[in-house]
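Notes to accompany the following structure.
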There are 2 protein chains.
Amino acid sequence: MSLRFAILTLLESDPGSGYDLMRHFKAGIGHFWNASHQQVYQELGKLNSEGLVEFEVEHQSERPDRKVYRLTPPGQSALAEWRLQPVRPPKVNDALLVKVYGGLNVPPAQLLAELEEHAVLHRERLEEYRASEARFLAMTPEERVPYRLPYLTLRRGILYEQDWLRWLDEARVELEQMAAGS
Amino acid sequence: MSLRFAILTLLESDPGSGYDLMRHFKAGIGHFWNASHQQVYQELGKLNSEGLVEFEVEHQSERPDRKVYRLTPPGQSALAEWRLQPVRPPKVNDALLVKVYGGLNVPPAQLLAELEEHAVLHRERLEEYRASEARFLAMTPEERVPYRLPYLTLRRGILYEQDWLRWLDEARVELEQMAAGS
DNA sequence: TTTCGCATGTAATGAGTTACATGATTTT
DNA sequence: AAAATCATGTAACTCATTACATGCGAAA
């Protein structure tokens with residue numbers, strides 16, 4: 001339900017095309033909001049027909065045309081109103097933990113292997129986030145100003161990945177003990 | 001897509017009704033899997049028509065009848081096969097972080113208030129999980145055996161809530177600084 | 001020559017939420 | 001008298017994923 005507000009939030013500071021949004025979703029806020037391009041294009045269509053965003057077609061030679069979207073005043077106020085409403089923490093549905101929960105019926109070596117795959121993934125993400133963090137920290141205090149809040153959300157991503165790695169470690173130790181028959 | 005496997009996992013060790021499953025979802029694995037009763041009843045219907053679960057009606061005087069579901073052998077093997085397939089970490093869509101990201105356009109006091117509401121929620125959950133943990137830790141090593149893996153998933157819930165509280169603290173400090181104009 | 005980046009979409013299906021629906025018993 | 005617990009479900013709708021679809025230019 002809040003995909004539209006994620007889109008409006010991004011367009012508010014940075015008008016752009018659906019494609020731009022996608023890159024932004026992947027690079028900038030992927031650690032707390034995920035959407036496919038199909039979803040984004042469809043939602044942009046809806047937002048446009050509801051008058052919350054508008055676009056100008058940008059013709060480009062030797063490149064496909066771009067529709068550059070921006071907020072309309074009604075879009076601005078819809079966003080402002082949404083921000084006044086409380087939101088709930090997202091519901092988590094994590095298949096890996098379902099496997100661990102029923103793990104007595106899984107070969108231990110395989111479960112350990114899958115945990116390690118996840119650890120690799122989390123390490124990779126953490127590296128990416130740390131690289132972004134380093135870019136922020138290299139800025140002067142003045143340069144940082146507009147990025148302070150995005151940086152805060154990045155911090156959430158960093159803590160999240162570190163926390164997962166901590167748990168994966170705990171889990172590995174425990175599963176190894178169990179596999180060793182203790 | 002894996003709701004069915006969450007259900008099969010629960011029924012594997014504990015045959016029960018849709019209602020029982022719901023309580024189990026809420027009390028036992030709510031920190032990593034969430035489903036509404038409508039979803040559960042519908043999925044049980046599908047699983048039954050596909051022959052992965054079966055049920056016996058339990059008549060009760062002065063209480064509605066219960067359909068007690070259990071895995072069938074095909075259900076067992078479907079679950080075993082799923083466990084061999086790798087799963088991906090869940091995608092996160094967190095509206096609160098969308099608000100923080102665009103937080104320059106939100107009154108700071110309000111944003112801080114909402115963060116505090118979330119902190120309360122996370123503290124409450126952490127308390128519940130800690131209570132469950134205490135019950136586990138009060139057991140003798142022998143009693144613990146069948147609960148070691150569920151306990152591991154509980155640990156994930158505990159770390160998760162602690163981690164959120166840590167971040168909410170960071171965020172509060174930063175937002176207060178920004179509000180103070182520094 | 002295959003893949004990557006750019007740039008946009010539709011259609012079908014699956015997953016999840018909200019609303020509607022019933023009805024007895026027990027607790028507050 | 002109202003709310004919570006037990007116990008089950010249907011229907012409508014919205015949200016998200018997967019598959020399908022196109023087409024050029026640049027890089028590997």
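Letters A, B, ... mirror the listed sequences (proteins, then strands); counts begin at 1. It should be emphasised that the depicted structure is a prediction, and the values quoted were computed from it without experimental measurement.
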For B:Phe136, what residues pass the ring-ring contact (aromatic ring centres under 6.0 Å, His included) criterion, not counting sequence neighbours?
B:Tyr151

What side-chain hydrogen bond (donor to acceptor under 3.5 Å, both in side chains) pairs are there with at least one residue in residues 78-89 of chain A, not counting sequence neighbours?
A:Glu12-A:Arg83

Calculate the interatomic distance between B:Leu44 atom CG and C:dG16 atom P; express it in whole Å.
14 Å

Spacing between B:Leu3 atom CG and C:dA15 atom P, to the nearest angstrom
8 Å

What residues, two or more places apart in sequence or in another chain, satisfy side chain to side chain contact (heavy atoms under 4.5 Å, CB included) together with A:Val145?
none

Out of curiosity, does A:Phe5 fall in the hydrophobic cluster containing B:Leu104 (side-chain heavy atoms, cut-off under 4.5 Å, transitive links)?
yes

Round to the nearest Å and state the distance from B:Asn93 atom CG to D:dC15 atom P.
12 Å

A:Arg156 side chain to A:Thr153 side chain, donor-acceptor N/O pair below 3.5 angstrom:
no

With axes from five pairs an end, tell me the bend angle of the helix from C:dT1-D:dA28 to C:dT28-D:dA1, nearest 10°.
50°

Given a cutoff of under 4.5 Å between side-chain heavy atoms of I, L, V, M, F, W and Y, with clusters grown through shared members, what are the other residues clustered with A:Tyr41?
A:Tyr19

In whole angstroms, how far is the P atom of C:dT8 from the CZ atom of A:Phe55?
10 Å

From CH2 of A:Trp33 across to C1' of D:dA16 the rounded distance in Å is 11 Å

Who passes side chain to side chain contact (heavy atoms under 4.5 Å, CB included) against A:Leu112, sequence neighbours left out?
A:Arg172, A:Leu175, A:Glu176

Please list all pairs passing the ring-ring contact (aromatic ring centres under 6.0 Å, His included) test where one or both residues lie in residues 91-133 of chain A, with sequence neighbours left out.
A:His31-A:Tyr129, A:His122-A:Trp164

Using atom CE of A:Met22 as one end and atom P of D:dT17 as the other, report the distance to the nearest whole Å.
11 Å

Please give, in whole Å, the distance from C:dT18 C1' to A:Arg88 CZ?
11 Å

For nucleotides 4-10 of chain D, tabulate all protein N/O to nucleotide N/O atom pairs closer than 3.5 Å, reporting atom names and distance.
| from | atom 1 | to | atom 2 | distance (Å) |
| --- | --- | --- | --- | --- |
| D:dC6 | OP2 | B:Tyr19 | OH | 2.8 |
| D:dA7 | OP1 | B:Gln60 | NE2 | 2.6 |
| D:dA7 | O3' | B:Asp65 | O | 3.4 |
| D:dT8 | OP1 | B:Lys67 | N | 2.9 |
| D:dT8 | OP2 | B:Tyr19 | N | 2.9 |
| D:dT8 | OP2 | B:Tyr41 | OH | 2.9 |
| D:dT8 | O5' | B:Tyr41 | OH | 3.4 |
| D:dT8 | O4 | B:His37 | NE2 | 3.2 |
| D:dG9 | OP1 | B:Lys67 | NZ | 2.3 |
| D:dG9 | N7 | B:His37 | NE2 | 3.4 |
| D:dG9 | O6 | B:His37 | NE2 | 3.2 |

Go through the structure and list residues passing side-chain hydrogen bond (donor to acceptor under 3.5 Å, both in side chains) with A:Glu127, not counting sequence neighbours.
none

A:Glu43 CD to C:dT8 P, in whole Å, measures 16 Å

Contact class for B:Asn34 vs. all strands (heavy atom < 4.0 Å): base, sugar-phosphate, or nothing?
nothing

